[in-house]
Amino acid sequence: MSGTAPVLVTGGTGTLGRAVVHAFSEQGRPVRVLSRRACKVGDAQATGVDSGNDLQWATGNLVTGEGVSAALDGVGLIVNCATTLGRRDLRATRCLVEAARRGGAPPLIHVSIVGVDRVPLGYYRTKAETERIVQDSGLPWTVQRATQFHDLVAQITTMQRRVPLTFAPSGVRFQPIDVRDVALRLVELAAREPSGHVDDIGGPEVLGAVDIAQRTLRREGGGRVVPVRVPGRIFRAYRAGGNLAPQHRYGRRTYDAYLDERFGLPGHG
Ligand SMILES: NC(=O)c1ccc[n+]([C@@H]2O[C@H](COP(=O)([O-])OP(=O)(O)OC[C@H]3O[C@@H](n4cnc5c(N)ncnc54)[C@H](OP(=O)(O)O)[C@@H]3O)[C@@H](O)[C@H]2O)c1
């Protein structure tokens, strides 16, 4: 597809961003990654980018603004997968939309999280504010919220590896989604007119946090899961399903399939 303007994937080095770079590249669409660091040998292979389809790279920082205008030069679409995991996301989002407005106002697809308006976590409040920045940006925009990625859900268990017991919040459920499924959805959205807030997407199954911890521990060699009822508003909102989108089971890859890929098939290790 020579002559097609590149897609700028901010956060193209991240968990979702790498899958997004791969998915657009598979479509033959030129992709430019925005990262704070310089391109390293192996970056293209890490995303599985076809060697015949050059990966463009722009070094820039959305919080300081350095390199952002240059990264946007000639871009036909922005897919925003960058996050600082904190309040600096507000500054980063503002920086991106302001630079985009000055630079030809390409459409922007912004990734957010299911339940940012239901679960009273600080990070979620920030994400909800970033949605409003995009909404008021004057750019043609789409916001896609997704449920938790498989990696994040697994991390709740794997981060407790050195503790003799594994704790899991009872009554909490997750609907984990594979980043490759999210990436496919973003490619689908890129082919449409900018659509504003689109339907949430979630993984194919809703699983209890305790069940997820047990499945993960089995692959890690065993251990005991201790269900804990966590008090407070945040976990009440999780127990009420604020993080779920059961009516929008978009992802096809299950959590067990993710575990098979990560730890190998049971009995084949
Ligand atoms: N994780 C989940 O379960 C989940 C679920 C639903 C939605 N989301 C959303 O999906 C998006 C991607 O999440 P993720 O888990 O893939 O994130 P991630 O793995 O933590 O990656 C974050 C990316 O942001 C980039 N970044 C950080 N600070 C930056 C800055 N100042 N300037 C430019 N780039 C910067 C990083 O690039 P460099 O380090 O290379 O600069 C990195 O590639 C986020 O919007 C997140 O809220 C996540």
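Numbers for residues simply follow the sequence, beginning at 1. Small disclaimer: the values here were computed from a predicted structure and weren't measured. Counting starts at 1 for both ligands and their atoms, following the listed order.
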Can you tell me the protein heavy atom closest to [atom] and the distance?
| atom | result |
| --- | --- |
| atom 33 (C) of ligand 1 | L62 N, 3.7 Å |
| atom 39 (O) of ligand 1 | R36 NH2, 2.7 Å |
| atom 21 (O) of ligand 1 | G14 CA, 3.4 Å |
| atom 23 (C) of ligand 1 | G11 CA, 3.7 Å |
| atom 47 (O) of ligand 1 | Y123 OH, 2.8 Å |
| atom 15 (O) of ligand 1 | F149 CE1, 3.9 Å |
| atom 34 (N) of ligand 1 | A82 CB, 4.0 Å |

When you compare ligand 1 with [X], is there at least one nitrogen or oxygen pair between them that comes in under 3.5 angstrom?
| X | answer |
| --- | --- |
| G12 | no |
| S35 | yes |
| N80 | no |

Enumerate the atoms of ligand 1 whose separation from the nearest heavy atom of [X] is less than 4.0 angstrom.
| X | answer |
| --- | --- |
| A146 | 6 (C) |
| V111 | 9 (C), 10 (O), 45 (O) |
| Q148 | 3 (O), 5 (C) |
| S112 | 6 (C), 7 (C) |
| N61 | 30 (C), 31 (N), 32 (N) |
| C81 | 11 (C), 12 (C) |
| I113 | 6 (C), 7 (C), 8 (N), 47 (O) |
| K127 | 44 (C), 45 (O), 46 (C), 47 (O) |

Heavy-atom proximity to atom 42 (C) of ligand 1, picking from T13, T64, L16, points to T13

Nearest candidate to atom 26 (N) of ligand 1, where distance is taken over non-hydrogen atoms, out of N243, T59, T83: T83

Pairing donors with acceptors under 3.5 angstrom, does anything connect the side chains of [X] and [Y]?
| X | Y | result |
| --- | --- | --- |
| T126 | D89 | no |
| H110 | T130 | yes |
| E131 | S112 | yes |

Cluster overlap [X] with [Y], hydrophobic side-chain contacts below 4.5 Å:
| X | Y | value |
| --- | --- | --- |
| L96 | V134 | yes |
| L85 | L62 | no |
| V75 | I109 | no |

For D89, state whether at least one heavy atom is located under 4.0 Å from any atom of ligand 1. no

Does R229 count as lying over the ring of F235, i.e. NZ or CZ under 6.0 Å from the six-ring centre, within 45 degrees of the axis? no

Going by side chain to side chain donor-acceptor pair (under 3.5 Å), R37 matches just one of N61, T59, D43, T13. Which one? D43

Run the side chain to side chain contact (heavy atoms under 4.5 Å, CB included) test on D200 and T147 for me, step by step, so that the C-alpha distance in whole Å, both residues' side-chain angles and the decisive distance to 0.1 Å come before the verdict. CA-CA 8 Å; D200 292 349; T147 54; over 6 Å; no

Contact summary for R262 and D151, nearest pair of heavy atoms: NH1-OD1, 4.4 Å

Mode of L152 contact toward ligand 1 - side chain, backbone, both, neither (heavy atoms, under 4.0 Å): side chain

Mode of F174 contact toward ligand 1 - side chain, backbone, both, neither (heavy atoms, under 4.0 Å): neither

Do the side chains of D136 and R132 get close enough for a salt bridge, i.e. N-O under 4.0 angstrom? no

Taking everything shown except R88 itself, do over 12 heavy atoms lie less than 6.0 Å from its CZ? no

Mind checking whether Y255 and H150 have parallel, tilted or perpendicular rings, split at 30° and 60°? tilted

With a 4.5 Å cut-off on side-chain heavy atoms, are R101 and L139 touching? yes

